Amino acid sequence: MKKLINDAGTVVPDALRGVAAAHPGLRVDVDNQIVFRASGPRTGKVGLVSGGGSGHEPLHGGFVGYGMLDAACAGEVFTSPVPDQMIEATSAVDGGAGVLHIVKNYTGDVLNFRMAAELSAEEGVRVESVLVDDDVAVRDSLYTAGRRGTGATLFVEKIAGALAETGAPLAEVARVAREVNARSRSFGIALSSCTTPAAGRPTFELSDTEVELGIGIHGEPGRTRSALRPARELVDLAMDALHEDLPLSGDLLVMVNGMGGTPLIELYIAYAAVADHLAGRGARAARCLVGNYVTSLDMQGFSVSVCRLDDELTGLWDAPVETPALRWGR
Amino acid sequence: MKKLINDAGTVVPDALRGVAAAHPGLRVDVDNQIVFRASGPRTGKVGLVSGGGSGHEPLHGGFVGYGMLDAACAGEVFTSPVPDQMIEATSAVDGGAGVLHIVKNYTGDVLNFRMAAELSAEEGVRVESVLVDDDVAVRDSLYTAGRRGTGATLFVEKIAGALAETGAPLAEVARVAREVNARSRSFGIALSSCTTPAAGRPTFELSDTEVELGIGIHGEPGRTRSALRPARELVDLAMDALHEDLPLSGDLLVMVNGMGGTPLIELYIAYAAVADHLAGRGARAARCLVGNYVTSLDMQGFSVSVCRLDDELTGLWDAPVETPALRWGR
Amino acid sequence: MDVAFFASWIEEAARTVSSDRERLTALDAAIGDADHGTNLDRGFTAVAHALGTADPATPGALLTLVGTTLIRKVGGASGPLYGTFFRETGKALGDDAEVSVARLHTALQAGLAGVRALGSAAEGDKTMVDALAPAVRALEEAVRDGGDPADPTDAAEAIGAAAAAARTGAESTIPLQARKGRASYLGPRSVGHEDPGAASTALILAALHAVATR
Amino acid sequence: MDVAFFASWIEEAARTVSSDRERLTALDAAIGDADHGTNLDRGFTAVAHALGTADPATPGALLTLVGTTLIRKVGGASGPLYGTFFRETGKALGDDAEVSVARLHTALQAGLAGVRALGSAAEGDKTMVDALAPAVRALEEAVRDGGDPADPTDAAEAIGAAAAAARTGAESTIPLQARKGRASYLGPRSVGHEDPGAASTALILAALHAVATR
Ligand SMILES: Nc1ncnc2c1ncn2[C@@H]1O[C@H](COP(=O)(O)OP(=O)(O)O)[C@@H](O)[C@H]1O
Ligand SMILES: Nc1ncnc2c1ncn2[C@@H]1O[C@H](COP(=O)(O)OP(=O)(O)O)[C@@H](O)[C@H]1O
Ligand SMILES: [Mg+2]
Ligand SMILES: [Mg+2]
Ligand SMILES: [Mg+2]
Ligand SMILES: [Mg+2]
């Protein structure tokens, strides 16, 4: 394993110390692994708390700031954070209007956030939880833990965050968050595995001519292995999978997301193919992001996320945001 | 070689098509491989043109937009663009106040930009050229082609771009650009080589326990090979090299830059070490960037760039910028 | 079985989780995210620390503290699930200073019920429940079939049956397709691998047996 | 040597650059950025295309077009340098329809001067100049030492001496430490490798020789 780290056991606090040093707009509780806005809670504003395992940077800490999250809890690499962190974050960001938990649908995240929500409620904070489960690679049925939460988490955090900034009530913010999730789908493809610092070797092995289709963001193998092929064809595979689940039409918010080890030049090549694919279906990327936003350590690969926009969602997407990883309008 | 590409021969135009599709604020001439602001030249504003080999994304095309470049010429991977592109870009962005060429110090870039500047001048455009040569790994002497231009290119493009936006004359914009370069230094360390699409295999081989010290941004080997060690120690090596050349003191602009294949979590770990190192020297990162900005395809590694700020430069750094890869204040 | 016995169990469990950490992580790499061994090792290290400072007076208090610590320190799926298991087991033991095998059985049953309620996994879903449920059943049978509930040899035998059932249960997950947790994302590709949580449950019950035969 | 002869040279140079592309790129990988073969191959492909459409009338016009095309299409260090080399050589040939070896020598001398002026490399800096300069010198000597300037066999021999000198010159770069171009960044680590530009110069002159002996 070759990583720019000090010690496999201190990866998360070491990185959080860097986040703290780099971003004066954030307050980082390194011991409890929580990233807050430095400005603290705003009275009457719904607080947004998210969190999850580390290794997906900039998700979630990089999305804390005006117009997006109020706090993010960082777990160990690929391991959901614990209820204590969530409870601490929840009470710290409550401005009296309640707190929204944005939870990616993994058993660990769900169980820990559920415990935290119950205990926070007992402490008198109004909490609503929204589950993100956008990954069409997982068939949602009795036979799985349900779809995973992946790229759409960014969409939910941005759009719900923008609405919260307007002073909308908790129920409204939760409604729009669920709406974004319901309108969003993702599909990911890996060209390589990733190596967690603790394990020290790649989670799975891929030959030079293979890709994993339908991967999540934890280095877990995908649903099938397939032959490496031109970017255009890989994108078509992903887009077809999305379309099968949610017809691609009208104005879309589109993200071509890198898994951490894929350079930007390749992501733009993929985005060109996405734009072509959408044109072929008569749909349009009204808004887009191309970059490394929801990553899986050093994995090479990409995911495509789409959200069917309406005027309300487009307006909230365009609203100002000021976080380390997403910034416009201020 | 495993890359998200269509064909090794069409990497640059394919990526430029993606840039064009993703960024309505840009106009991309895919045939001539030039990225322009969609808004065209502004009368009385000095135009800023840069460019270089591809494979360093977001440099340079990702820095075209308000407050930064007016045009960027993209060469083949790791190969400087040709004079025709530069001449075309220069005449297209001239708003009557002349054009600044920002040139990274590599023989290829220098020669091609020199030819372009001469021909553009013959066509009646006032052109000034600024050479960026910030890489302290190369001893500047009679015995080398001089220091390479690396991370400081971003600093020069941002700060000169901000000044140009105020309507400052060409000589002033060139002066501040040279000043930024004179105050900036960089040093890079690679944990892996990179693979150009045309070559199809890594430019050099590194074992699992080795790093290359003093690398540039073209996958070229560094000046020495050394043992892999904790991030903190690698950072100290880089910082010591910078300090030896330009004492680290006072307010600095600092960039911890990823080489393309290193995930953000590791860059933050490095940034924590940079902040510690600076504190130890009584210096301060008054402004900073942490991310993949001046990359070398899929190389794993990082570079640290510093610029000694004064009030003028800090103000220009803080001025609004709106490009695909750097955005604040609007 | 007194509080010292239960302290030894947890100590032994911590030791064996630590020495089998790589194996558990490797199992998780195959059908999960390669962290199960690291997660449990981190959790049991925190447990050792918590027990060292708190020094609980009864078996019930001890196991409840173990559970709370796991919930607070592990994260992931296994943190709340194992945490709940130990908490519910501990709570069921009340303030008793001395625990019989029969009492242990009902307490473990409560622990299992807690895991089931939280994770809603049924047997056959390829989770820790596939090791835990047969273990509790085996203990129940051993208790019912007799022996002297106060005789330590008989207790050790009963616990041995439970540990063996856990091991068999863990192995029985190999041919199963996962329906819960991260492994379920793999669909049919989850077949052919032992579930890491079931494997760690077998380890934890083997530790109980090891301590009972000392 | 007429325009057809020079067209054949360039054709042969394109062929050999293309077939040696990987080797040139590998040389560049060792002390540069692994693109020299790709760069030249792209350039000569564009040259072939340009010659196919433009059909220049004289050797001078042809070589000038070759140079301009290389400048326009190659980029990097070698684009302007080789471009200048061919342009200056072509310009020095003026409108002549037929070129003697002596005339070729003075023209190549002008090409070399152009490369020197642009890149300011001296012999021994480990660049293409280390192949080009001895080649031009060898041609000069061959011309001076006689032979019938109009006899094709004597011309071929003279050109053969130039090509051999270029090859020797390219090999002479191996022990050198680079002082120009990308390889100079490596300092002492550039020692022990053949300069890719010198290697391609040797190829281009070998192509000239091959055509001259047909
Ligand atoms: N719903 C569930 N009910 C019971 N056990 C579960 C459930 N989901 C997962 N598990 C268990 O948790 C184990 C994985 O734990 P661990 O790897 O520590 O957490 P994570 O999956 O969050 O990385 C699985 O092997 C399985 O035995
Ligand atoms: N200043 C110079 N003068 C003469 N030749 C040079 C000079 N700099 C570089 N070269 C030649 O250019 C070759 C490299 O060409 P190429 O790899 O195509 O360009 P780049 O270095 O821009 O990638 C070197 O091997 C060397 O022979
Ligand atoms: Mg996990
Ligand atoms: Mg090059
Ligand atoms: Mg796991
Ligand atoms: Mg080269």
Side-chain angles (χ1 to χ4, degrees), chain A residues 8-9 33 51-53 55 73-85 87 106-116 135 137-139 141-148 193-205 214-225 296, chain C residues 21-22 24-43 45-46 68-84 87 115 117-122 124-127 176-190 193 197:
Chain A
Q33 302 190 173
C73 305
E76 295 304 310
V77 171
F78 293 170
T79 302
S80 93
V82 293
D84 284 14
Q85 293 170 274
I87 294 164
Y106 298 97
T107 307
D109 296 68
V110 169
L111 296 184
N112 286 283
F113 264 107
R114 191 196 298 163
M115 292 191 160
D135 182 1
V138 176
R139 309 269 161 241
S141 75
L142 286 175
Y143 305 108
T144 67
R147 287 177 161 170
R148 297 175 286 222
S193 181
C194 60
T195 302
T196 64
R201 57 170 162 271
T203 304
F204 57 87
E205 293 291 348
I215 46 127
I217 55 173
H218 299 84
E220 62 270 54
R223 284 190 75 90
T224 44
R225 191 158 285 197
S296 190
Chain C
R21 187 179 67 174
E22 309 288 325
L24 294 175
T25 291
L27 290 177
D28 198 25
I31 55 171
D33 59 350
D35 64 359
H36 188 59
T38 322
N39 285 347
L40 283 195
D41 191 25
R42 186 174 62 251
T45 304
T68 308
T69 307
L70 291 177
I71 290 175
R72 295 178 84 116
K73 297 296 177 188
V74 174
S78 60
L81 288 164
Y82 272 126
T84 298
R87 267 177 68 87
V115 170
L118 187 64
S120 29
D125 282 354
K126 196 175 183 117
T127 70
L176 297 177
Q177 175 168 337
R179 281 193 288 243
K180 284 280 179 258
R182 225 174 260 291
S184 70
Y185 304 140
L186 291 177
R189 287 176 90 186
S190 63
H193 302 274

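Every value quoted in this text rests on a predicted model; they were computed, and no experiment measured them. Throughout, a chain's letter reflects where its sequence line sits, starting with A, and its residues are numbered from 1.
Between the side chain of A:Thr79 and the main chain of C:Gly75, no donor-acceptor pair closer than 3.5 Å is present.
The two residues A:Arg148 and C:Tyr185 make their nearest non-hydrogen contact at CG-CZ, 3.3 Å. The heavy-atom pair separating A:Ser80 from C:Gly76 by the smallest distance is OG-N, 3.1 Å. A pairwise comparison of heavy atoms in A:Ala145 and C:Ser184 identifies N-OG, 2.9 Å as the closest pair. The heavy-atom pair separating C:Pro188 from A:Arg223 by the smallest distance is CD-NH2, 4.3 Å. Scanning both residues, C:Arg72 and A:Val82, for their nearest heavy atoms gives O-CG2, 3.0 Å.
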- request: Start with the C-alpha distance between C:Asp35 and A:Val77, add both sets of side-chain angles, then the distance that settles side chain to side chain contact (heavy atoms under 4.5 Å, CB included), and finish with yes or no.
  value: CA-CA 8 Å; C:Asp35 64 359; A:Val77 171; over 6 Å; no

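Side-chain contact check for C:Ile71 versus A:Met115: some heavy-atom pair is nearer than 4.5 Å.
Once rounded to the nearest 0.5 Å, the distance linking CG of C:Asn39 with CD of A:Glu76 reads 8.0 Å. One finds the CD atom of A:Glu220 at 11.0 Å from the CZ atom of C:Arg189 (value rounded to the nearest 0.5 Å).
Per-residue heavy-atom pair counts under 4.5 Å with chain C were compared for A:Asn112, A:Thr224, A:Thr107, and the maximum is reached by A:Asn112. In terms of heavy-atom pairs under 4.5 Å with chain A, the best-connected choice from C:Gln177, C:Arg42, C:Lys73 is C:Arg42. Listed options C:Asp28, C:Leu118, C:Thr25 were ranked by heavy-atom pairs under 4.5 angstrom with chain A; first place goes to C:Leu118.
The ring-ring contact (aromatic ring centres under 6.0 Å, His included) search around C:His36 returns none, not counting sequence neighbours. Partners of C:Arg182 by salt bridge (Lys or Arg N to Asp or Glu O under 4.0 Å), not counting sequence neighbours, listed by chain and number: C:Asp33.
Proximity to chain C (any heavy atom under 4.5 Å) is shown, for A:Phe204, by neither the backbone nor the side chain. Contact of A:Asp84 with chain C is made through the side chain alone, with heavy-atom distances under 4.5 Å. Only the backbone of C:Ala30 has a heavy atom closer than 4.5 Å to any heavy atom of chain A. Of the two parts of A:Ser193, neither the backbone nor the side chain holds a non-hydrogen atom closer than 4.5 Å to a non-hydrogen atom of chain C. Residue C:Ser78 does not touch chain A at all, counting heavy-atom pairs closer than 4.5 Å. Proximity to chain C is absent for every atom of A:Val110, based on heavy atoms less than 4.5 angstrom apart. Only the backbone of C:Ala178 comes within contact range of chain A, with at least one heavy atom under 4.5 Å from a heavy atom of that chain. Interface residue A:Thr203: backbone and side-chain heavy atoms are both found under 4.5 Å from chain C.
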